[in-house]
Amino acid sequence: MGEYQEEQRHRLYAGTSLEGQAAIGRIAIWAASLEENLVALCVSLINHLDDVVGHAVTANMSASSMIQLAKRLAAESDAVPDEDKADVQAILTEAKAALEQRNMILHASLGEITIGGKSLFRRRRKRSPGAPGQDPHWENTLRGVDELDEIGARLFNVSEELWAYVNLPSPGFRQFIEMGVLELEPEQTSDHPPST
């Protein structure tokens with residue numbers, strides 16, 4: 001019995017419910033899917049006939065670097081039809097915002113208690129590049145299960161949009177956009193609730 005309890009201790013101190021843990025897991029799953037689709041987009045924009053170069057270029061790139069690259073390539077490339085350019089830029093803007101929300105959760109420690117039914121996520125952040133030895137501060141964010149699930153859904157939706165662009169011909173992509181999986185607006189910005 002004591003051995004079983006010892007093995008389960010990692011479950012006892014998570015400051016969220018099982019539903020919260022599942023929602024955090026979905027954030028990780030759909031963020032990975034989004035990053036995979038970002039790679040596919042970059043690879044197709046670099047050379048849609050031969051993916052070796054695209055994979056070599058993106059091999060060690062962060063998601064934010066891939067988004068910057070894809071935005072430049074999509075704006076300048078003849079591979080993106082003019083009628084798709086604004087939508088691709090909007091999808092990439094949404095991807096950046098969704099991944100920033102992911103970072104606030106997955107790159108943070110989770111408190112051991114809930115506050116008002118919400119989980120406390122705490123991450124270290126530097127105020128600026130600053131002087132050597134500058135103390136970092138901690139950024140705290142409270143999120144409930146529904147808010148965590150919304151982040152997962154946002155990541156899923158933008159991942160699906162990227163998949164559709166990469167894998168469907170332009171008319172199919174246009175129909176996918178018109179289905180309204182995402183409400184795309186050029187230069188859509190993230191809507192982070194205020195940190196506490």
Side-chain angles (χ1 to χ4, degrees), residues 7-44 51 54-55 57-71 88 90-126 136-167 176 181-184 188-196:
E7 290 175 10
Q8 299 301 311
R9 287 183 60 204
H10 70 284
R11 295 180 182 205
L12 297 176
Y13 298 110
T16 190
S17 63
L18 290 175
E19 292 86 6
Q21 291 175 40
I24 293 167
R26 285 188 295 275
I27 289 170
I29 290 166
W30 297 121
S33 174
L34 172 53
E35 289 185 4
E36 182 178 330
N37 287 321
L38 279 170
V39 170
L41 175 63
C42 288
V43 167
S44 72
D51 65 356
H55 282 291
V57 169
T58 60
N60 294 313
M61 291 181 83
S62 67
S64 60
S65 295
M66 281 189 286
I67 289 169
Q68 290 175 351
L69 174 63
K71 280 186 161 207
V88 171
I91 291 168
L92 291 167
T93 298
E94 175 65 6
K96 182 177 188 300
L99 289 169
E100 286 172 356
Q101 284 188 315
R102 177 270 318 255
N103 290 347
M104 293 295 296
I105 303 305
L106 297 187
H107 293 249
S109 62
L110 178 60
E112 294 180 8
I113 59 170
T114 59
I115 300 171
K118 295 186 175 199
S119 299
L120 175 66
F121 296 88
R122 181 176 162 99
R123 74 178 189 160
R124 191 175 74 135
R125 183 171 222 165
K126 295 191 181 226
H137 73 282
W138 293 91
E139 187 172 6
N140 297 322
T141 305
L142 288 171
R143 294 287 183 269
V145 173
D146 289 343
E147 293 166 305
L148 294 170
D149 207 43
E150 287 172 15
I151 295 169
R154 186 179 194 184
L155 289 159
F156 170 81
N157 288 338
V158 74
S159 180
E160 288 290 292
E161 292 283 353
L162 277 173
W163 179 91
Y165 182 75
V166 171
N167 292 290
F176 196 83
V181 174
L182 277 179
E183 297 295 324
L184 294 176
Q188 189 174 12
T189 58
S190 64
D191 54 345
H192 295 291
S195 297
T196 58

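Sequence positions, counted from 1, serve as the residue numbers for this chain.
Of all the heavy atoms in Ala23 and Leu148, the pair that sits closest is CB-CB, 3.7 Å. The minimum heavy-atom distance linking Leu92 with Ile67 is given by the pair O-CG2, 3.7 Å. Taking all atoms of both residues into account, the shortest heavy-atom contact from Ala63 to Leu99 is CB-CD1, 3.7 Å. The two residues Gly152 and Ile27 make their nearest non-hydrogen contact at N-CG1, 3.8 Å. Heavy atoms only, all atoms of each residue included: Ile91 and Glu161 are closest at CD1-CB, 3.8 Å. Across every non-hydrogen atom of Thr16 and Gly20, the tightest pair is OG1-CA, 3.2 Å.
Annotation: side chain of Val57 is in contact with side chain of Leu69 (closest heavy-atom distance under 4.5 Å). At least one side-chain heavy atom of Ser119 sits under 4.5 Å from a side-chain heavy atom of Leu110. Considering only heavy atoms from C-beta on, Arg143 comes within 4.5 Å of Ile151 through its side chain. Glu19 places none of its side-chain heavy atoms less than 4.5 Å from the side chain of Asp149. Contact annotation: the side chain of Thr93 approaches that of Lys71 to within less than 4.5 Å [non-hydrogen atoms, C-beta and beyond]. With a 4.5 Å cut-off on side-chain heavy atoms, Phe121 and Met104 do not count as touching. Side-chain contact between Asn37 and Val166 is absent, with no heavy atoms from C-beta onward closer than 4.5 Å.
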Practice prompt. Check the pair Arg26 / Leu155 against side chain to side chain contact (heavy atoms under 4.5 Å, CB included), numbers first and verdict last.
Written response: CA-CA 9 Å; Arg26 285 188 295 275; Leu155 289 159; over 6 Å; no
Worksheet item: Where do His55 and Val39 land on the side chain to side chain contact (heavy atoms under 4.5 Å, CB included) test, with the steps shown first?
Response: CA-CA 8 Å; His55 282 291; Val39 170; 3.9 Å; yes
Practice prompt. Begin from the C-alpha positions of Arg123 and Asn103 and carry the test side chain to side chain contact (heavy atoms under 4.5 Å, CB included) through to its verdict.
Written response: CA-CA 9 Å; Arg123 74 178 189 160; Asn103 290 347; 3.8 Å; yes
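Evaluation of the salt bridge (Lys or Arg N to Asp or Glu O under 4.0 Å) rule for Arg122 yields no partner, not counting sequence neighbours.
A distance of 12.5 Å separates NZ of Lys96 from CG of Leu38, quoted to the nearest 0.5 Å. Separation of atoms CD (Glu35) and CG (Leu162) is listed at 11.5 Å; rounding is to 0.5 Å. A distance of 6.5 Å separates CD of Glu160 from OG of Ser33, quoted to the nearest 0.5 Å. Taking CG from Asp51 and SG from Cys42, the interatomic distance works out to 13.0 Å, rounded to the nearest 0.5 Å.
Listed for the Thr58 side chain is no donor-acceptor partner under 3.5 Å among the backbone atoms of Met61.
Classification of Glu150 and Arg154 as a salt-bridged pair fails, no side-chain N sitting under 4.0 Å from a carboxylate O.
Applying the ring pair (Phe, Tyr, Trp, His ring centres under 6.0 Å) rule to pairs touching residues 19-43 yields Trp30-Phe156, sequence neighbours excluded.
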